[in-house]
2 protein chains.
Amino acid sequence: MNLKQLSKLLGLSQTTVSRALNGYPEVNKETRERVLKAVRETGYRPNKAAQRLATGKAGSIGLVMPTAPGHHSDVHFGEFLSGLGEEAVRHDFHFVITPSDPDDEVGALRRLAMSGNVDALFLAYMRGHDPRLDMLKTLSVPFIVHGRSFGREPDYPFLDIDNEAAFYDATKLLLQLGHRRFALMNGPSHLDFAIRRKNGVAAALAERDLLLDDDCTTHTPMTDEHGLLAMEQFLQLEDRPTAILCSSTVLALGAVRAINQAGLKLGEDISLIAHDDVLPLLKPENFSVPLTTTRSSLRAAGVRIAQRLIGSLKQINIYPQQELWRAELIVRASTGPAPMGR
Amino acid sequence: MNLKQLSKLLGLSQTTVSRALNGYPEVNKETRERVLKAVRETGYRPNKAAQRLATGKAGSIGLVMPTAPGHHSDVHFGEFLSGLGEEAVRHDFHFVITPSDPDDEVGALRRLAMSGNVDALFLAYMRGHDPRLDMLKTLSVPFIVHGRSFGREPDYPFLDIDNEAAFYDATKLLLQLGHRRFALMNGPSHLDFAIRRKNGVAAALAERDLLLDDDCTTHTPMTDEHGLLAMEQFLQLEDRPTAILCSSTVLALGAVRAINQAGLKLGEDISLIAHDDVLPLLKPENFSVPLTTTRSSLRAAGVRIAQRLIGSLKQINIYPQQELWRAELIVRASTGPAPMGR
DNA sequence: ACGACTAGTCAAAGCGCTTTGGACTGGGAT
DNA sequence: ATCCCAGTCCAAAGCGCTTTGACTAGTCGT
């Protein structure tokens, strides 16, 4: 069933039917109702590809999903997507997701942008100096970035959390509790958020003339296994850290396990603060020792980004170009005063 | 840059350029190379919407993603998608994902199917008697199901794991170890896999004239928090279970925590077998007491489904219509003989 | 009674691509 | 010289939609 058939059925022109469906004013009320009724009965749905071809828009947001054998999926991706979807569903938007070799994200993004089947693009997993930004600047597809990238003016629309401040604050708290030996379990070192978090820690430490040791910094994918391994490594240091900063509750999961296995008490022998993206599958308050966290909902960020993206496409762009969200520092039982005698 | 402009640039007709690009034989080798060169230089990309309109195909797989405020994202979705993507990227396929109100999945799927911008559909989170199957049967879009659905002949293409057998085997093992009081921490009760797993447990128990008590069965979303709560509930029973079957390692995470908090020893006081979807973020072998599991990689299932879907679209359908994968039962330390005296 | 609107409708062009059905070469066979 | 054919190429139709520009009534003011 297509427009032509439908309009023939109704004895109307395609023009009128199309206008009736798209809410144009110059259609008789009765005619419109007749059309709507017929649509309901026949189950007619306009062909999106044709709509897009005719209008240049079809209500879609494009994303690139890095994938490869061995490249493991990221919980954070799903959670964020879920937030995007929560808003998108209200506006009848959908997503076009291009899987891509992780080494060719620029190319994949470019192809997606030029394929002409997305109205706007969304970028995440930003790198230190991200080449995708330069590429996108040469195209005319609107886009928005989750995170930021070093090495160029932030002259692009983004939503980021203040990673540096979050980890600065967390470190500061641990310093106030008397800790002097710090470790950081971070995400992959090429990612922007990891760099900023590290900077935050370093800045707070520098105020007390302390340094973050290389031995005490890990950059790994954020899985429980890497958390476990990293923590085991820290615990084997002769002058082992008493304060741990951790980029994800998933990493913290492994870390806590290592701490327990070493017979140490979290919050007494060793303190830990993790960043909490508010993943539904893993709540820091339910850890055996509830975790002190810097919290910022990934899902909420998704909702917000979808709002801005869709808002700008619908020309009701009342949103700021750039937003920096502050994470909350929530103190629970995994942080305590530095142990004496070590 | 579009075909018209490109062909003008080359002094060729659109026909020839199009054919050169799509690998038709009736085009001179030199001409083809000239075209390819121009494409490289101009960065021309065919408009997918137009291609789809003209051919009816555009290399896309459609999915529906249930989303709502409060409806939390599912790790398993991301992991599966990642598998789909791994295969899709090899064939230059992409995904079209429609977010949908969880109460209107049938409608969302229908709209997606009729929108004319997907070549095939993929269904998951199957329900006991899933209305989506009946709906899809009336359309002509090819589809494939991850899981199965009760209540109709399996006359549709699917890939499923043998949930019943997996949980039957797991239960049997626990019975052999002397356990008599069982509990099941399951997924939402309307989902097909949950029903089958329960049946598997019940079948094994029935052979010993045992029943799975309602008090000892929970149906919840699969998050660590629900695992924790369910386990706490089990432990408060006066005649508490010594053997736990668990539908996900994520649930197991919470369960183990509850066990530890109660001062019980996993593998001694209480045994647990979880189903392991091989999520990269949570490995059962890294639990403080490594978990005995029924294992089947969700990601591998994704790869396989993408193969079959794309294979059937490209008419090289050498794949069986229906596949039932057997999960592996992997024994680790979380299972032991039933404790004496209780 | 006549022009000037307005409301409602339509035919046709156009979006960028693929594909059908020729058309035009220059041999090789007859 | 004629015919055929393989090898190349092209013009034009068509995919299903939106949108422009025009056309018909009917209405109103004068």
Side-chain angles (χ1 to χ4, degrees), chain A residues 1-36 38-39 42-60 92 111-119 140-141 313, chain B residues 1-36 38-39 42-60 92 111-119 140-141 313:
Chain A
M1 175 61 66
N2 59 22
L3 228 210
K4 198 174 194 171
Q5 294 168 30
L6 183 66
S7 53
K8 188 165 297 173
L9 192 88
L10 284 162
L12 289 168
S13 73
Q14 296 190 37
T15 311
T16 305
V17 177
S18 171
R19 292 199 146 136
L21 288 175
N22 294 318
Y24 280 68
E26 64 266 58
V27 172
N28 190 322
K29 200 165 183 180
E30 284 173 25
T31 315
R32 186 188 306 275
E33 272 159 18
R34 216 153 60 81
V35 170
L36 258 26
V39 166
T42 58
Y44 166 78
R45 286 280 136 193
N47 180 305
K48 291 264 180 194
Q51 270 181 329
R52 156 160 287 283
L53 192 55
T55 60
K57 327 234 134 225
S60 63
D92 200 23
R111 285 190 291 278
L112 180 57
M114 302 198 49
S115 76
N117 64 24
V118 297
D119 298 325
S140 53
V141 185
L313 290 173
Chain B
M1 174 62 64
N2 58 22
L3 226 211
K4 197 175 194 172
Q5 294 168 32
L6 183 66
S7 54
K8 189 165 295 173
L9 190 89
L10 285 163
L12 289 169
S13 75
Q14 297 190 35
T15 311
T16 304
V17 178
S18 171
R19 293 201 145 137
L21 289 176
N22 294 318
Y24 280 68
E26 64 266 60
V27 45
N28 190 319
K29 200 164 182 183
E30 285 173 23
T31 316
R32 187 189 305 275
E33 271 158 18
R34 217 153 60 80
V35 170
L36 259 26
V39 166
T42 58
Y44 165 79
R45 285 279 136 192
N47 181 305
K48 291 263 180 192
Q51 271 182 328
R52 157 161 286 283
L53 192 55
T55 59
K57 325 237 133 222
S60 63
D92 200 24
R111 284 190 292 278
L112 180 58
M114 303 199 49
S115 76
N117 63 26
V118 297
D119 298 325
S140 54
V141 185
L313 290 173

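Just so we're clear, the structure is a prediction, and the values are computed from it rather than from any experiment.
- Taking side-chain N and O atoms only, A:Ser13 has no distance below 4.0 Å to OP1 or OP2 of C:dA11.
- Side-chain nitrogen and oxygen atoms of A:Thr55 include none within less than 4.0 Å of the OP1 or OP2 phosphate oxygen of D:dT19.
- Distance check: A:Leu12 CG to A:Ser18 OG gives 12.0 Å after rounding to the nearest 0.5 Å.
- Projected onto DNA chain C by closest heavy-atom contact, B:Ala54 and A:Asn28 fall at different nucleotides, the more 5' of which corresponds to A:Asn28.
- Between the A:Thr31 side chain and the A:Ala20 main chain, no donor and acceptor come within less than 3.5 Å of each other.
- The phosphate of D:dT19 (OP1 or OP2) has a side-chain N or O of A:Tyr24 nearer than 4.0 angstrom.
- Here the P atom of nucleotide C:dC17 and the CG atom of A:Asn117 are 12 Å apart, to the nearest Å.
- Close to C:dC10, at under 4.0 Å from its OP1 or OP2, lies a side-chain N or O of A:Thr16.
- Atom P of nucleotide D:dC15 and atom NZ of B:Lys57 are separated by 17 Å, given to the nearest angstrom.
- By the side-chain contact (heavy atoms from CB on, under 4.5 Å) test, A:Ser7 is found to be paired with A:Gln14, A:Val17, residues two or more places apart in sequence or in another chain being considered.
- Distance B:Leu12 CG to C:dA23 P: 20 Å, rounded to the nearest Å.
- Rounded to a whole Å, the CG atom of B:Leu3 is 16 Å from the C1' atom of C:dG14.
- With sequence neighbours left out, B:Ala50 forms a side-chain contact (heavy atoms from CB on, under 4.5 Å) with A:Leu53, B:Asn47.
- The side chain of A:Asn47 lies closest to D:dC17 when the candidates are C:dC17, D:dC17, C:dT9.
- One distance of note links NZ of B:Lys48 with CG of B:Asp92; it measures 4.5 Å at 0.5 Å rounding.
- Residues A:Lys29 and B:Met1 both approach DNA chain C. Their nearest nucleotides, taken by heavy-atom distance, put A:Lys29 toward the 5′ side.
- When the C1' atoms of four end pairs are superposed on the next four at each end of the helix from C:dA1-D:dT30 to C:dT30-D:dA1, using five pairs per end, the two resulting axes differ in direction by 50°, to 10°.
- Atom NZ of A:Lys8 and atom P of D:dG16 are 12 Å apart (whole Å).
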Exercise for review: Evaluate side-chain contact (heavy atoms from CB on, under 4.5 Å) for A:Leu21 paired with A:Leu36, printing each intermediate quantity in order.
Suggested key: CA-CA 7 Å; A:Leu21 288 175; A:Leu36 258 26; 3.9 Å; yes
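- Taking atom CZ of B:Arg52 as the reference point, atom P of C:dT18 lies 13 Å away to the nearest angstrom.
- Applying the salt bridge (Lys or Arg N to Asp or Glu O under 4.0 Å) rule to pairs touching residues 5-25 of chain B yields B:Arg19-B:Glu26, sequence neighbours excluded.
- Between the C1' atom of C:dC15 and the CD atom of B:Gln14 lies a distance of 12 Å, rounded to the nearest Å.
- Listed pair B:Asn22 / C:dT18 meets the phosphate criterion, a side-chain N or O lying under 4.0 Å from OP1 or OP2.
- With sequence neighbours left out, the side-chain contact (heavy atoms from CB on, under 4.5 Å) criterion links A:Ala54 to no other residue.
- Contact annotation: A:Ser18 side-chain N/O to D:dC17 OP1/OP2 distance is not under 4.0 Å.
- The backbone N or O of B:Tyr24 sits less than 3.5 Å from a side-chain atom of B:Arg32, completing a donor-acceptor pair.
- Rounded to an integer number of Å, the gap from CG of A:Leu10 to C1' of C:dG8 is 16 Å.
- Listed pair A:Gln51 / D:dT18 meets the phosphate criterion, a side-chain N or O lying under 4.0 Å from OP1 or OP2.
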Exercise for review: Sugar-phosphate atoms are those with a prime plus P, OP1 and OP2; base atoms are the rest. Using that split, label each nucleotide of nucleotides 20-27 of chain D B, S or - for protein heavy atoms under 4.0 Å, 5' to 3'.
Suggested key: BB------
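- The shortest distance between side-chain heavy atoms of B:Ser60 and B:Arg52 falls below 4.5 Å.
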